[in-house]
Protein chains: 2
Amino acid sequence: MATQKDIARVAGVSPSTVAAVLNGTKHTRMGEATRARVEAAIAELGYIPNTAARALRRQQAGTIAVVVENLENPVYQELFRGIYEAAEERGLAVVVGDTMWMRSGSPFLARLLGQGLVDAIVLRHGGLMDEEVLGVLRSRPTPVMLVEYQSDDHDPWVSVDDVAAGRAATGHLIEAGHTEVAFVGGFDTQPANPRHQGYLSAMQQAHLEPRPPLFTGFGAQAGATGLAMLRAGESMPTAIVVNNVMSAVGLLGAAADAGIAVPEQLSVVGIHDAEVAELVRPRLTTVRLPMRALGVRAVEQVSALLAGAPTQLGVISDPPPQVVARGSVLPPAR
Amino acid sequence: MATQKDIARVAGVSPSTVAAVLNGTKHTRMGEATRARVEAAIAELGYIPNTAARALRRQQAGTIAVVVENLENPVYQELFRGIYEAAEERGLAVVVGDTMWMRSGSPFLARLLGQGLVDAIVLRHGGLMDEEVLGVLRSRPTPVMLVEYQSDDHDPWVSVDDVAAGRAATGHLIEAGHTEVAFVGGFDTQPANPRHQGYLSAMQQAHLEPRPPLFTGFGAQAGATGLAMLRAGESMPTAIVVNNVMSAVGLLGAAADAGIAVPEQLSVVGIHDAEVAELVRPRLTTVRLPMRALGVRAVEQVSALLAGAPTQLGVISDPPPQVVARGSVLPPAR
DNA sequence: CTGAAAGCGCTTACAG
DNA sequence: CTGAAAGCGCTTACAG
């Protein structure tokens, strides 16, 4: 591989001159002939900069790592897009990984932990990550920005407004006339599950009796399980707020299997929007969260952190969560 | 940040000794007391190796980059898993990116192109990538392993057996008694669309008349468009092979909207398996491709390439594509 | 068994 | 306007 030294030799100049041409630094008004010779040599030798050397010398890698708990969750599509766009604006490269890969001792983790390759980590672990690994991560000098609701400011974090999302989903059902509204999915987290908090808030505001939440987890199975539990209970609700789109889709499938007509007999709203909501029948009504804005904000804030500039962390309330009315909600049958 | 030099000072030894302890190299039988002192200093200072420096010195990064054309395509879940597992076995870190990010001049591309940070690239571009960028990539010394069907050996590539997948999907429909089978989705590529080739082969073998393919692309919309074209045509088929799961799901939705009962009036098989096939109603019958094995193979072969060892490229025929019978196929109504 | 030294490829003050 | 030199943090022959 050709190096700057090689170019210097071929062009008959010093390495510093080559670096100047390459980086457009200082020697800006260098002799035209010199510059031309250098550029010719660069082209001739097919020079490629060595990023490792540059990172070492500059003491920054120009890269942020994004790690999420489940790479193929459709919900991240927009998040990645926002992160990428904001990063590109700042000349930062983005590199993505899965929480699953972050077992202690894994090469991926070692790479993230190692100095010099990654300037900051944007992490959404969804509670799935080893506390030990998390601790190790936190003890490092490279900043870790959490992208999920935290309620305390122990770590820097940014999040969409999950409480408002829960409230919007529940409110939409209440406005349609439902009074028997259940909440299904997610976990009983610490701090309290924010979407469930939103559900509670909407129910109380409408003077309706909240039902005990069914924290059945994430994924399609969580929706099916939730519906089964509801059917086994004393009185079926007429409407369900589901913590997550994929769970809502799972619930829709389970309802079809059980011969429950959605939306005629049962209304369903899923929190978070994704393409699959448009694909199933009936189409799923969802609450859309500003994931792209979240990505942009995460990069902004991590950059601010890196630069020592003042940060603006916490919940992103603009744009607010928005109900996307599709086909899974109708007024209750009577 | 503490460096090896700092540790050496604190422990009262030379930097080489620190390196020896850290890497477990040569000085293997060093004085127990020395080693203990060094280890204490490492712990005390919270030493973290600088990966950029190491990569520079060793002239290898210990990382492979995986770039796919659409990060959130559910089909990649298994591919990533296979890649990750095989990479971990070899002590390699994996870093993921989206083809979309590889625009000329983007920091991500620069990072991939630059020497020293990435030892090899595993790429699935699905024909979506700029020919120019592709050319640049190919001109670099770091090997690029393609993970998609190529038919020629211009670049190193590995692929699942797409021809066999097309044949299996079509064969399944023929065995169910269908004679009017259409092919929808994908592109009219160069080399010829291998799944369509498989369709053709199965039809001919059964002495059935193939229909002209409807190359409507990828994604859910491609399925809906394909169905619309079929309905506008002279005679509806009784069964459809869809090039891709997501397209098949889109086709299912469009069929429901049009009042066409699947599978009673129309049978559908999607190529490639994904969770969503299990979630929709009717459940979608698919052909499962060994994506995990593909990932493992890609890493194996890229390692062989790097090591200068003999490679075994091309189609992975074991395990063969497998029909996953769910609810979208029935014998034709008469 | 341990240390001094060179060098990976780059950037950046500093001198001329 | 251009060059010589130091140094980022590590690894690895080589000498003792």
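Proteins come first, then strands; the chains are lettered A, B, ... in the order of their sequence lines, and each starts at number 1.
For the residue pair B:Ser106 and B:Trp101, the shortest heavy atom distance occurs at OG-O, 2.7 Å. Considering all non-hydrogen atoms of both residues, B:Ala19 and B:Gln4 come closest at CB-OE1, 3.6 Å. Of all heavy-atom pairs between B:Leu294 and B:Val160, the closest is CD1-N, 3.8 Å. Across every non-hydrogen atom of A:Gly82 and A:Val296, the tightest pair is O-CG2, 3.6 Å.
Note: CZ (B:Arg9) to C1' (D:dG9) measures 14 Å, nearest angstrom. Atom pair B:Ile48:CD1 and D:dC10:C1' shows a separation of 15 Å (rounding to whole Å applied). Between A:Leu117 atom CG and D:dG9 atom P the separation is 14 Å, expressed in whole Å. One atom, CZ of A:Arg54, and another, P of C:dT12, lie 9 Å apart when rounded to the nearest Å. Rounded to an integer number of Å, the gap from CD of A:Gln59 to P of D:dA6 is 19 Å.
Under 4.0 angstrom from either OP1 or OP2 of C:dG3 there lies at least one side-chain N or O belonging to B:Ser14. Phosphate contact (OP1/OP2 of D:dC8, side-chain N/O of B:Asn50, threshold under 4.0 Å): absent. Within the structure, every side-chain polar atom (N or O) of A:Gln115 is placed at least 4.0 Å from both OP1 and OP2 of D:dC10. At the phosphate of C:dC8, neither OP1 nor OP2 sits under 4.0 Å from any side-chain N or O atom of B:Gln60. Dashed line: the shortest gap from a side-chain N or O of A:Thr17 to OP1 or OP2 of D:dC1 is not under 4.0 Å. Side-chain N/O atoms of A:Thr34 include one lying less than 4.0 angstrom from OP1 or OP2 on D:dT2.
Base contact: B:Gln4 has a heavy atom under 4.0 Å from a base atom. Residue contacts for A:Pro49: at a heavy-atom cut-off of 4.0 Å it reaches the sugar-phosphate backbone alone, with no base atom in range.
Comparing C:dT12, D:dG3, C:dG9 against the side chain of A:Arg58 picks out C:dT12 as the nearest. Of the candidate nucleotides D:dC10, C:dC10, D:dA5, C:dC10 has the atom nearest to the side chain of A:Tyr47. Of all nucleotides listed (D:dC10, C:dT12, D:dA4), C:dT12 comes nearest to the side chain of A:Ala19. Taking the side chain of B:Leu56 as heavy atoms from C-beta on, and the options D:dA4, C:dT11, C:dC8, the nearest nucleotide is C:dC8.
Base pairing of C:dA13: no nucleotide in any strand meets the Watson-Crick or G-U wobble criterion (both distances under 3.5 Å).
When each of A:Ala2 and B:Arg57 is assigned the nucleotide of DNA chain C with its nearest heavy atom, B:Arg57 is the one assigned upstream, toward the 5' end.
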(message) Does A:Phe187 form a ring-ring contact (aromatic ring centres under 6.0 Å, His included) with A:Phe218? I'd like the steps, not just the answer.
(response) CA-CA 8 Å; A:Phe187 292 107; A:Phe218 283 95; 5.6 Å; yes

